[in-house]
Amino acid sequence: MKWCHGKAIANSISLKVGEELFKEHANLLKKHGAAVLVMAFDEEGQVATASGKIRICKRPYDILVHEVKFPPEDIVFDPNALAIGTGIKHMN
């Protein structure tokens, strides 16, 4: 990221690694001025419903903005809209 022209976008972080490691990754990215792509996963995995995706994206947003002080304009979410292609039977 040090030699990147413009703003780097890190692909990706998620809460599936746990909250503490998520915060460590976020702080490192913030230190280097990168934007971040956040995957809609948490410690339990991913969800298929729209309301579940909103719920699962709110927590990392709140952590990034309120705890890590990550600029909201540097956060991009991937809600895993194509969860059917994961091979996870209950998502089919």
Side-chain angles (χ1 to χ4, degrees):
M1 288 182 220
K2 186 176 181 179
W3 296 283
C4 181
H5 295 279
K7 182 173 288 288
I9 302 174
N11 180 20
S12 61
I13 64 174
S14 76
L15 283 167
K16 72 179 177 182
V17 297
E19 192 170 312
E20 291 309 310
L21 190 53
F22 177 84
K23 288 179 190 178
E24 286 180 37
H25 293 160
N27 277 307
L28 184 61
L29 294 168
K30 184 179 82 168
K31 175 184 171 185
H32 290 287
V36 65
L37 176 69
V38 180
M39 300 297 292
F41 294 105
D42 66 7
E43 299 88 344
E44 304 297 316
Q46 61 182 322
V47 294
T49 66
S51 62
K53 290 181 185 298
I54 291 168
R55 177 188 51 79
I56 216 166
C57 288
K58 184 178 180 342
R59 184 171 158 223
Y61 179 85
D62 288 343
I63 291 168
L64 287 169
V65 173
H66 302 299
E67 295 181 38
V68 177
K69 307 298 184 204
F70 208 93
E73 64 272 16
D74 288 346
I75 303 169
V76 179
F77 284 94
D78 180 346
N80 302 315
L82 300 174
I84 194 167
T86 64
I88 301 170
K89 286 187 179 187
H90 75 276
M91 297 287 182
N92 289 341

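- Residues satisfying the side chain to side chain contact (heavy atoms under 4.5 Å, CB included) test with Leu37, not counting sequence neighbours, are Asn11, Ser12, Met39, Val76, Asp78.
- Here SG of Cys57 is found 11.0 Å from CG of Asp62. Values are rounded to the nearest 0.5 Å.
- Between Phe70 and Leu29 there is a side-chain heavy-atom pair separated by less than 4.5 Å.
- The two atoms that bring Pro72 and Val65 nearest to each other are CG-CG2, 4.0 Å, heavy atoms only.
- For the atom pair CD1 (Ile13) and CG (Leu64), the distance works out to 5.0 Å, reported to the nearest 0.5 Å.
- Residues Val68 and Lys23 come closest through the heavy atom pair CG2-CG, 4.2 Å.
- Criterion: ILVMFWY side-chain heavy atoms under 4.5 Å apart, direct or through other members. Under it, Leu28 and Val38 are not part of a common hydrophobic cluster.
- Between Pro60 and Ile56, the shortest heavy-atom distance links the atoms CD-O, 3.1 Å.
- A chain of hydrophobic side-chain contacts below 4.5 Å, direct or via other Ile, Leu, Val, Met, Phe, Trp or Tyr residues, connects Val36 to Tyr61.
- Around the CD atom of Glu73, the shell of radius 6.0 Å holds more than 12 heavy atoms that belong to other residues, nucleotides or ligands.
- In this view, Arg59 and Leu15, Glu19, Asp42, Glu43, Ile63 satisfy the side chain to side chain contact (heavy atoms under 4.5 Å, CB included) rule, not counting sequence neighbours.
- Within 6.0 Å of atom NZ in Lys16, 12 or fewer heavy atoms from other residues, nucleotides or ligands are found, so the atom counts as exposed in its surroundings.
- Applying the side chain to side chain contact (heavy atoms under 4.5 Å, CB included) rule to Lys7 yields the partners Ala35, Asp74; only residues at least two apart in sequence or on another chain are considered.
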